[in-house]
Trainee: 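I'd like to ask some things about the structure below.
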Amino acid sequence: PAEISAVTGEPWNYRNRSQFHVEGREMGYLEAHSHRLCPVAQCPISSPVVNRTLAVLREMLPERRWPRFLRGIEVFTNEEQVQINVMESAQPVARRFFEWCAERIPGWTPGALDYHVDGTAYRVSRRSFFQVNRHLAGRLVETALRGAEGGTALDLYAGVGLFALPMARRFGSVTAVESGSSVAGDLAFNAERAGLAVKTEQGDVERYLETLEARPDFVLLDPPRAGIGKHVVRRLAELAPPRLSIVSCDPSTLARDLAGLVAAGFRLEGLTLVDLFPQTYHLETVARLAR
């Protein structure tokens, strides 16, 4: 039977990225299954710097300089630098608002910030995805790549390279596929800065796999909530890599994808539940498979 294990970390103050809704002179979260605002002065699962920034934003909110058409704002931090991203607004937010943020918010940065995981720096631009748990990103990578090494590897849905860069230290050749242009730019930059040989392919995973002829030794997949789907499952069955790891944020789509892969001849070797989102019902799951 497949091994099932768990990885846990600090249950509070773990989030490096939080989004807040704005209504009038209040800021906070929406109540569950509702559009009602629940004002918050502090968030117990957000990091110290996110909470410090929230306090400053709440001080700014009643002032006349605050754009009243701004409806949603995001704070992202590496605990030194701070990104402020507009998530929802009835009209464009003028540059002077961000100049005001620079005056008031310690560590505010106008562009990308560098996030460090286990000694590796990752540039994360404004619209780029990055794991939200500041304590467990390294352990997630370690879990997904356990025992993985060899000649060739694929990182599919690669993001800014959280998995691709460590993979480049374990494999002779790594190709990372990412559809977003900004994110793929961060990925290429991060690999080059680290001096690691990662071939970046910007484009759709399904289309890329259709063009692939050589069988890789290992495939890492970190798909969005919708999972990898039947077309990717079919192509992986045809390519038949000896080992796969899937990093999933949705148990139901993971179960669907695993059923297809097992039917195609893969064996589930282990499942690790990574508690990236303490105080919520969400879990990250790492599934390791072999032919």
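For clarity, every value in this text was computed on a predicted model and none was experimentally measured. Quick note: numbers below take in every heavy atom, side chains included, and nothing from hydrogens, waters or symmetry partners. Start at 1 with the first residue, then count along the sequence.
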Trainee: Does R234 reach the main-chain N or O of A264 with its side chain, forming a donor-acceptor pair under 3.5 Å?
Mentor: no
Trainee: Give a yes or no answer on whether the side chain of Q83 reaches the backbone of G111 with a donor-acceptor pair at less than 3.5 Å.
Mentor: yes
Trainee: Passes side-chain contact (heavy atoms from CB on, under 4.5 Å), F76 versus S18? Steps please.
Mentor: CA-CA 7 Å; F76 176 51; S18 298; over 6 Å; no
Trainee: Partners of F98 by side chain to side chain contact (heavy atoms under 4.5 Å, CB included), sequence neighbours excluded?
Mentor: V86, V93, W108
Trainee: Distance only, no hydrogens: is a donor on one side chain within 3.5 Å (strictly under) of an acceptor on the other, for T143 and T272?
Mentor: no
Trainee: Test V75 against every option in V49, I84, N51, L54 by the side-chain contact (heavy atoms from CB on, under 4.5 Å) rule and name the one that passes.
Mentor: I84
Trainee: Can any side-chain N or O of N85 pair as donor or acceptor with the backbone N or O of E74 at less than 3.5 Å?
Mentor: no
Trainee: With clusters defined by side-chain heavy atoms of hydrophobic residues (ILVMFWY) lying less than 4.5 Å apart, directly or transitively, does Y14 cluster with V247?
Mentor: yes
Trainee: For residues Y122 and L162, determine if any side-chain heavy atom of one lies less than 4.5 Å from a side-chain heavy atom of the other.
Mentor: yes
Trainee: With sequence neighbours left out, which residue pairs that include part of residues 189-205 fulfil the salt bridge (Lys or Arg N to Asp or Glu O under 4.0 Å) condition?
Mentor: D114-R193, K199-E201
Trainee: How would you list all residue pairs meeting salt bridge (Lys or Arg N to Asp or Glu O under 4.0 Å) that involve residues 142-168, not counting sequence neighbours?
Mentor: none
Trainee: Can you list the residues that meet the salt bridge (Lys or Arg N to Asp or Glu O under 4.0 Å) rule with E206, with sequence neighbours excluded?
Mentor: none
Trainee: So, are E238 and R235 salt-bridged, with charged N and O less than 4.0 Å apart?
Mentor: yes
Trainee: For R65, does the CZ atom sit with more than 12 other heavy atoms under 6.0 Å from it, leaving out its own atoms?
Mentor: yes
Trainee: Side chain of T280, backbone of H282: donor and acceptor closer than 3.5 Å?
Mentor: yes
Trainee: Checking N16 side chain against Q131 main chain: does a donor-acceptor pair fall under 3.5 Å?
Mentor: yes
Trainee: R25 side chain to V22 main-chain N or O, any donor-acceptor pair under 3.5 Å?
Mentor: no
Trainee: If we only count heavy atoms from C-beta on, is the E178 to T200 side-chain gap below 4.5 Å?
Mentor: no
Trainee: For a ring-ring contact (aromatic ring centres under 6.0 Å, His included) check, start with the C-alpha distance between F130 and Y115, then their side-chain angles and the critical distance, and finish with the verdict.
Mentor: CA-CA 9 Å; F130 202 77; Y115 207 100; 4.8 Å; yes
Trainee: The criterion is side chain to side chain donor-acceptor pair (under 3.5 Å); which residues satisfy it with E63, sequence neighbours excluded?
Mentor: R104
Trainee: Return yes if some donor-acceptor pair links the side-chain N/O of N13 with the main-chain N/O of S46 below 3.5 Å, else return no.
Mentor: yes
Trainee: Under the criterion side chain to side chain donor-acceptor pair (under 3.5 Å), which of R52, E79, R17 is the partner of S47?
Mentor: E79
Trainee: Suppose the criterion is salt bridge (Lys or Arg N to Asp or Glu O under 4.0 Å): which pairs have a residue in residues 249-260, not counting sequence neighbours?
Mentor: R225-D250
Trainee: Before accepting this row, confirm whether a basic side-chain N of the pair R288/E269 lies closer than 4.0 Å to the acidic partner's carboxylate O.
Mentor: no
Trainee: For the residue pair E284 and S248, establish whether any side-chain heavy-atom pair is separated by less than 4.5 Å.
Mentor: no
